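These notes concern the structure reproduced below.
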Number of protein chains: 2
Amino acid sequence: MDKFDRKLDQAARAAWLSYVGGRTQDEIASQLGVSRPGVQRLLALARQEGLVKVHIDHPLANCMVMSDAILKRFGLDFCDVVPADPEASNGSAHYLAVAAAERLARYLDRSEPLTLSLGTGRSVRAMVEALSRLDRPQHRFVSLVGNVARDGSANRYDGVMVLADKTGGERFLLPAPVVAGSVEEKEAMLNQRLFQAIAEVAKEAEAAFIGVGRIDRQATLFQDHFISEAELDELLSRQAVGELLGWPLNQNGEVIDCSITRRVTSLPLEMFRDQALVALAGGRDKGPAILAALRGGWLKGLITDENAARFIIEAENL
Amino acid sequence: MDKFDRKLDQAARAAWLSYVGGRTQDEIASQLGVSRPGVQRLLALARQEGLVKVHIDHPLANCMVMSDAILKRFGLDFCDVVPADPEASNGSAHYLAVAAAERLARYLDRSEPLTLSLGTGRSVRAMVEALSRLDRPQHRFVSLVGNVARDGSANRYDGVMVLADKTGGERFLLPAPVVAGSVEEKEAMLNQRLFQAIAEVAKEAEAAFIGVGRIDRQATLFQDHFISEAELDELLSRQAVGELLGWPLNQNGEVIDCSITRRVTSLPLEMFRDQALVALAGGRDKGPAILAALRGGWLKGLITDENAARFIIEAENL
DNA sequence: TCAGCTATCGATCAAATGATCGAACAGGAG
DNA sequence: CTCCTGTTCGATCATTTGATCGATAGCTGA
């Protein structure tokens with residue numbers, strides 16, 4: 001890997017010359033003694049490896065105003081609103097990921113040992129992907145939602161896995177699905193020694209980065225067959241609009257007590273009252289779910305996008 | 001200025017789409033509803049206004065090794081070594097400025113009131129230029145070196161001026177030249193109430209960012225006629241190799257006692273023993289001067305470039 | 001109200017960038 | 001020793017970007 005490192009060095013130097021120094025690839029080529037396409041490749045490598053971090057240093061007035069309003073309204077510690085990108089198919093997922101990674105990095109920067117927990121979902125996954133490598137073997141990362149799918153297979157590339165790989169920290173994975181098949185199954189899981197041990201670690205976490213789920217036909221819970229169609233209908237009839245870690249919430253953010261709730265294996269939301277629970281979700285159609293989470297007072301931090309933020313602002317008449 | 005702000009907003013959005021989102025100017029144009037050249041202009045504006053911050057996230061092995069060696073050798077709190085740019089006429093001045101601005105920003109980030117002092121010189125000036133705007137009206141900035149030229153004119157664009165403009169902080173300017181015309185003149189200056197008041201503020205500073213001067217025919221002190229040719233020769237004959245705030249240093253970093261020293265109006269170097277004195281200088285020919293400052297143990301932090309760093313490493317057999 | 005000026009905008013062109021493809025080279029197997 | 005395979009490198013071309021210049025619109029002052 002020495003060869004690779006040497007290449008990365010050169011890539012960093014090329015990136016420096018190009019992005020900070022503003023010189024052309026031709027100049028860089030003659031300076032580093034490689035061909036112009038060589039420089040091209042180096043720069044591509046640098047970007048691919050995440051060596052190049054771009055930061056736009058301007059509080060986009062829109063976003064700024066909205067984030068401030070939400071911050072004050074719900075008494076959050078922080079609220080980041082990233083601009084929307086209607087052109088991109090996945091909304092502003094990438095911006096969200098970058099912003100979230102910046103928040104995450106602030107925690108990780110600490111040199112004292114730290115315990116962090118992570119939920120599942122694309123957003124969380126994208127966040128850790130966007131994070132740059134950072135040597136922090138002293139930290140511990142807990143997955144709050146089982147990395148076991150319905151069929152029992154473990155997901156090698158859980159967010160916690162990637163994060164632990166990037167930092168060299170310890171990993172703790174909950175050996176359970178989000179929603180157990182039955183109440184008995186849930187009981188059995190909760191009584192496992194391993195489950196309890198890991199739950200214990202999760203309790204020590206300082207912050208938790210989680211996604212926010214919608215409750216409708218597009219809901220992950222339903223799509224991944226954790227709940228049946230009948231159960232989805234039950235949730236809808238009981239006015240469920242969102243979900244945190246599998247716990248269904250109504251419009252006011254209260255956890256709905258129903259047949260599904262009794263099978264959720266996640267740690268109770270109450271547990272996070274004295275942790276920094278950070279939600280990470282964007283898109284107008286996640287608006288109601290995010291709003292519910294906010295109204296319930298569950299969150300300490302929110303990273304969202306313009307569309308969801310606007311929905312919240314309008315719904316709350318801010 | 002509302003118009004301008006609106007434009008800046010759009011510029012930030014365009015920059016975001018371009019640099020973070022990686023889309024082409026055509027796409028951005030159709031999205032923002034302006035022409036392609038319009039996007040071009042917006043991006044130019046964004047860069048010019050310093051909205052776009054690029055950070056290369058890789059410890060360039062060379063620089064890393066050298067900065068570590070220097071750090072350990074001289075017991076510094078930090079040492080940043082930026083890569084050299086032999087192509088650029090002014091060496092790596094811009095890189096140096098960016099790196100220094102990053103350090104400076106770390107101090108400024110604090111919300112509690114802070115007092116900082118600044119020296120003069122191109123490097124210091126370039127540092128504050130490279131800094132992004134940041135609202136910190138609670139901070140105070142003191143100029144350690146008089147902003148009065150030999151002819152009595154005040155320099156409107158002193159580093160402290162720019163810094164105070166950018167942050168909205170308070171400014172304190174030393175109403176004196178670096179080296180007084182005579183011992184009597186120095187005495188007169190030091191006894192001014194205003195001078196003493198400002199010196200008092202400077203004593204409260206937490207950190208000081210200063211340049212390092214060479215002592216030779218290219219020396220700023222000489223070029224700006226603060227010392228005569230005869231005096232320069234005197235300094236050289238007494239083995240002066242560098243200068244901090246106008247105080248000449250010999251090879252071992254000791255302040256040289258001579259006719260010039262008695263006319264220097266700057267605050268005594270001893271005063272900075274319990275402040276974070278950060279030096280900011282690059283280029284191989286500044287090597288001896290920087291080395292002297294290091295050997296004297298005056299510095300807590302150093303921001304330099306590959307060339308000067310290599311000189312130091314070699315001179316100290318590291 | 002109109003003339004003149006300035007600032008902004010968009011068409012056009014040169015430069016720089018990114019991508020593809022074929023060639024050369026090194027390493028390993030027969 | 002030769003041939004094959006996989007990789008890296010550099011020439012070439014399409015696309016994107018940056019800059020210049022003329023035109024237009026809006027503003028100022030008479």
Side-chain angles (χ1 to χ4, degrees), chain A residues 1-58 60-61 83 85-89 94-95 98 130, chain B residues 1-58 61 83 85-89 94-95 98 129-130:
Chain A
M1 266 303 157
D2 192 36
K3 202 127 189 177
F4 183 70
D5 277 350
R6 195 163 294 274
K7 187 151 247 165
L8 227 67
D9 258 36
Q10 213 175 21
R13 194 171 280 250
W16 192 297
L17 289 163
S18 173
Y19 295 111
V20 184
R23 32 203 71 246
T24 80
Q25 298 190 353
D26 275 317
E27 294 175 292
I28 300 170
S30 68
Q31 186 154 334
L32 298 187
V34 295
S35 71
R36 224 254 314 150
V39 175
Q40 177 86 319
R41 272 184 271 271
L42 286 176
L43 290 176
L45 177 69
R47 272 172 310 203
Q48 189 195 319
E49 292 291 315
L51 298 184
V52 185
K53 296 277 161 199
V54 185
H55 176 77
I56 305 298
D57 195 359
H58 183 76
L60 280 168
D85 185 350
E87 215 62 17
S89 58
H94 184 230
Y95 301 173
V98 171
Chain B
M1 267 303 155
D2 193 36
K3 201 127 189 177
F4 183 68
D5 279 349
R6 195 165 294 275
K7 186 148 248 169
L8 226 65
D9 258 36
Q10 212 177 23
R13 193 171 280 251
W16 193 298
L17 288 163
S18 173
Y19 294 111
V20 184
R23 34 203 70 245
T24 79
Q25 299 188 352
D26 276 316
E27 295 175 291
I28 300 170
S30 67
Q31 185 154 335
L32 297 187
V34 295
S35 69
R36 224 256 313 154
V39 175
Q40 178 84 318
R41 273 185 270 270
L42 286 175
L43 290 177
L45 177 69
R47 273 171 309 202
Q48 188 196 318
E49 292 292 315
L51 299 184
V52 185
K53 296 278 162 197
V54 185
H55 176 77
I56 304 299
D57 196 0
H58 183 76
D85 185 350
E87 215 63 16
S89 58
H94 183 231
Y95 301 171
V98 171
E129 294 282 6

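The basis for the numbers below is simple: all heavy atoms, side chains too, and nothing from hydrogens, waters or symmetry mates. So that the names make sense, note that chain A is the first sequence line, chain B the second, and so on, each numbered from 1. These figures come from a predicted structure and were not determined experimentally.
- Closest of all the heavy-atom pairs between B/His58 and A/Ala12 is CD2-CB, 3.5 Å.
- Distance A/Asp26 CG to D/dT17 C1': 15 Å, rounded to the nearest Å.
- Residue B/Pro37 places its side chain closer to C/dG10 than to any other of C/dC9, C/dG10, D/dT12.
- Separating the CZ atom of B/Arg36 from the C1' atom of C/dA14 is a distance of 12 Å, rounded to the nearest angstrom.
- Here the closest non-hydrogen pair linking A/Asp57 and B/Gly50 is CB-O, 4.2 Å.
- Regarding A/Gln10, its CD atom lies at a distance of 13 Å from the C1' atom of D/dC9, rounded to whole Å.
- Counting all heavy atoms, side chain and backbone alike, B/Val52 lies closest to B/Ala15 at CG2-CB, 4.1 Å.
- Atoms CZ (B/Arg23) and P (D/dT17) sit 12 Å apart, rounded to a whole Å.
- Listed here is the closest heavy atom pair of A/Ala11 and A/Ala46: O-CB, 4.0 Å.
- For the segment residues 40-57 of chain B, the set of residues with a heavy atom within less than 4.0 Å of an atom of DNA chain C comprises B/Arg41, in numerical order.
- The side chain of A/Gln25 lies closest to C/dG18 when the candidates are C/dA11, C/dG18, D/dT17.
- Distance, B/Lys7 NZ to C/dA7 P: 12 Å, rounded to whole Å.
- The shortest heavy-atom contact between A/His94 and B/Val20 is CE1-O, 3.5 Å.
- Of all non-hydrogen atoms in B/Leu32 and B/Arg13, the two that sit nearest each other are CD2-CD, 3.8 Å.
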